[in-house]
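Sequence positions, counted from 1, serve as the residue numbers for this chain. In this text, all values refer to a predicted model and were calculated from it rather than measured experimentally. The basis for the numbers below is simple: all heavy atoms, side chains too, and nothing from hydrogens, waters or symmetry mates.
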Amino acid sequence: MLNEKRINIAIDGPSGVGKSVISKMLAKKLNYKFLSSGNFYRIVAYNIIQKNIDPNISKNIISSTDFSLIEILEDETILYNKKNITKEIREEEVSKIASIIAKYQPLREKINNFIQEYSKKNSGIIVDGRDATYRILPNAEAKFFMWASPEIRAKRRHNQNVQMGIKSDYNEILTSIKERDHADMSRKNDPLKVSEGSVEIDTTDMSVEENFEIIYNKVLAIIKES
């Protein structure tokens, strides 16, 4: 059944809710390709930091990154100009800059176009982000909005960082998440929201496995109906 029909899946939700974890699990289970929109903003933020560019000056942001130099390997390793920056783009400083530059519409359009063009050339795409269901892949057959309390998300992010060997402070992460929530929900361009047609899932009291099973079963139902 899964080989007969390949659909596009879009997953929305705030920072640290586990969008990437669930997306990766789905990609592995369905043999789909996972693209994290947030990673593209992080890559740009990383370059801004490396080049000492002011993130508040929008005209310099687009030129900071050559998207043709981005490579995403099958094991989710991220290369920029052949350099592995997978761990570097997870640093809190990069996260904060990524949230700042995400409000700039020209950059959003560039990243969205990149992902959309990729999805046209490849079937079975899973995209996560804060506007994945209504801006990046509005025609996705399966759409989900994941939510969890800021405290739970901070705890999850802290644990993830520790496992990856990244220096981490829970209180700093919690403050950062609350600030990003406010910025994402109040920004003029493509704010974080539950879009029409999305299935809303509160993961606060769920394990990763429980969350995955709910979404996976809904995806199977959608594939069957297709």
Side-chain angles (χ1 to χ4, degrees), residues 9-26 34 36-46 49 55-56 76 86-104 107-108 111 126-136 143-196 198-215 218:
I9 302 170
I11 301 179
D12 274 341
S15 174
V17 77
K19 300 184 298 296
S20 294
V21 172
I22 295 300
S23 295
K24 290 177 182 179
M25 293 174 70
L26 284 172
F34 166 55
S36 173
S37 67
N39 281 342
F40 292 100
Y41 292 97
R42 290 174 179 274
I43 292 169
V44 176
Y46 168 82
I49 294 171
N56 296 299
E76 308 300 337
T86 309
K87 288 182 65 174
E88 284 85 344
I89 67 170
R90 305 306 304 180
E91 298 286 351
E92 278 305 304
E93 182 182 8
V94 174
S95 296
K96 290 178 180 178
I97 298 299
S99 183
I100 292 173
I101 64 177
K103 65 185 178 183
Y104 297 122
L107 177 61
R108 301 190 68 80
I111 290 175
I126 301 175
V127 173
D128 77 341
R130 294 173 180 79
D131 58 353
T133 62
Y134 68 93
R135 191 67 67 200
I136 305 175
K143 301 180 181 181
F144 300 95
F145 184 95
M146 293 170 53
W147 177 260
S149 70
E151 290 75 16
I152 287 295
R153 285 183 278 140
K155 181 179 179 180
R156 292 173 181 172
R157 177 61 59 79
H158 173 67
N159 291 338
Q160 181 185 49
N161 287 347
V162 171
Q163 292 173 1
M164 293 178 67
I166 299 173
K167 185 179 179 180
S168 185
D169 180 271
Y170 168 80
N171 290 324
E172 181 180 340
I173 294 174
L174 178 59
T175 298
S176 178
I177 282 178
K178 289 181 177 180
E179 290 175 348
R180 275 180 279 172
D181 279 356
H182 176 73
D184 291 336
M185 292 177 182
S186 61
R187 68 172 176 242
K188 181 179 179 180
N189 297 321
D190 302 334
L192 176 67
K193 65 180 181 180
V194 182
S195 66
E196 183 178 356
S198 293
V199 177
E200 188 172 3
I201 300 174
D202 189 336
T203 73
T204 298
D205 297 318
M206 286 186 190
S207 66
V208 173
E209 292 73 19
E210 290 171 333
N211 187 9
F212 171 75
E213 285 300 319
I214 288 175
I215 293 181
K218 289 185 179 295

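- Side-chain atoms of Ser99 and Arg180 include no donor-acceptor pair closer than 3.5 Å.
- When every heavy atom of Trp147 is checked against every heavy atom of Val17, the shortest pair comes out as C-CG2, 3.4 Å.
- Interatomic distance, Arg42 CZ to Glu91 CD, rounded to the nearest 0.5 Å: 10.0 Å.
- Side-chain atoms of Arg153 come within 3.5 Å of backbone atoms of Ala148 as a donor-acceptor pair (strictly under, hydrogens ignored).
- At least one donor-acceptor pair closer than 3.5 Å links the side chain of Asp12 to the backbone N or O of Thr133.
- Contact between Glu88 and Tyr46 at its shortest, heavy atoms only, is CB-CE1, 3.8 Å.
- Residues Phe34 and Leu26 are not in side-chain contact: their nearest non-hydrogen atoms beyond the backbone lie 4.5 Å or more apart.
- Side-chain contact of Thr203 with Arg156: a donor-acceptor pair under 3.5 Å is present, judged by distance alone.
- For Ala45 against Ile97, the heavy-atom pair with the smallest separation is CB-CG2, 3.7 Å.
- Listed for the Asp128 side chain is no donor-acceptor partner under 3.5 Å among the backbone atoms of Ile11.
- A distance of 8.5 Å separates CZ in Arg108 from CZ in Arg135, rounded to the nearest 0.5 Å.
- When all heavy atoms of Ser186 and His182 are compared, the closest pair comes out as OG-O, 2.5 Å.
- With a 6.0 Å radius and a threshold of 12 heavy atoms from other residues, nucleotides or ligands, Glu93 has its CD atom at or below the threshold.
- Distance check: Lys143 NZ to Ser195 OG gives 5.0 Å after rounding to the nearest 0.5 Å.
- Considering all non-hydrogen atoms of both residues, Ala10 and Ala132 come closest at CB-O, 3.6 Å.
- The two residues Ser37 and Gly129 come nearest to each other via the heavy atoms OG-CA, 3.1 Å.
- One N or O on the side chain of Lys19 and one on the backbone of Gly13 form a donor-acceptor pair closer than 3.5 Å.
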Note to self: Assess the residue pair Val162 and Tyr170 against the criterion (side chain to side chain contact (heavy atoms under 4.5 Å, CB included)); give the C-alpha distance rounded to whole Å, side-chain angles, the decisive distance to 0.1 Å, and a yes or no.
What the structure shows: CA-CA 10 Å; Val162 171; Tyr170 168 80; over 6 Å; no

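- Taking CE of Met164 as the reference point, atom CG of Asn159 lies at 13.0 Å (rounded to 0.5 Å).
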Next item on the list: Show your reasoning for whether side chain to side chain contact (heavy atoms under 4.5 Å, CB included) applies to Ile215 and Met25.
Entry: CA-CA 10 Å; Ile215 293 181; Met25 293 174 70; over 6 Å; no

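- Here the side chain of Thr175 pairs a donor or acceptor atom with the backbone of Asn171 at under 3.5 angstrom.
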Margin query: As a quick check of understanding, evaluate side chain to side chain contact (heavy atoms under 4.5 Å, CB included) for Ile173 and Glu92, giving each step before the final call.
Written below: CA-CA 8 Å; Ile173 294 174; Glu92 278 305 304; 4.0 Å; yes

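- Summarising the geometry, atom CD1 belonging to Ile43 is positioned 8.5 Å from atom CD1 belonging to Ile111; distances are rounded to the nearest 0.5 Å.
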Next item on the list: Using the side chain to side chain contact (heavy atoms under 4.5 Å, CB included) rule, take Arg130 and Met185 through it: C-alpha gap first, then chi angles, then the decisive distance, then the call.
Entry: CA-CA 9 Å; Arg130 294 173 180 79; Met185 292 177 182; over 6 Å; no

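- Rounded to the nearest 0.5 Å, atoms CD1 (Ile177) and CZ (Arg157) are 6.0 Å apart.
- When the ring pair (Phe, Tyr, Trp, His ring centres under 6.0 Å) test is applied to Phe40, the partners found at least two apart in sequence or on another chain are Phe114.
- Around the CG atom of Asp205, the shell of radius 6.0 Å holds no more than 12 heavy atoms that belong to other residues, nucleotides or ligands.
- Note that Lys218 lies outside the cation-pi zone of Phe144, set by a 6.0 Å cut-off to the ring centre and a 45° limit from the axis.
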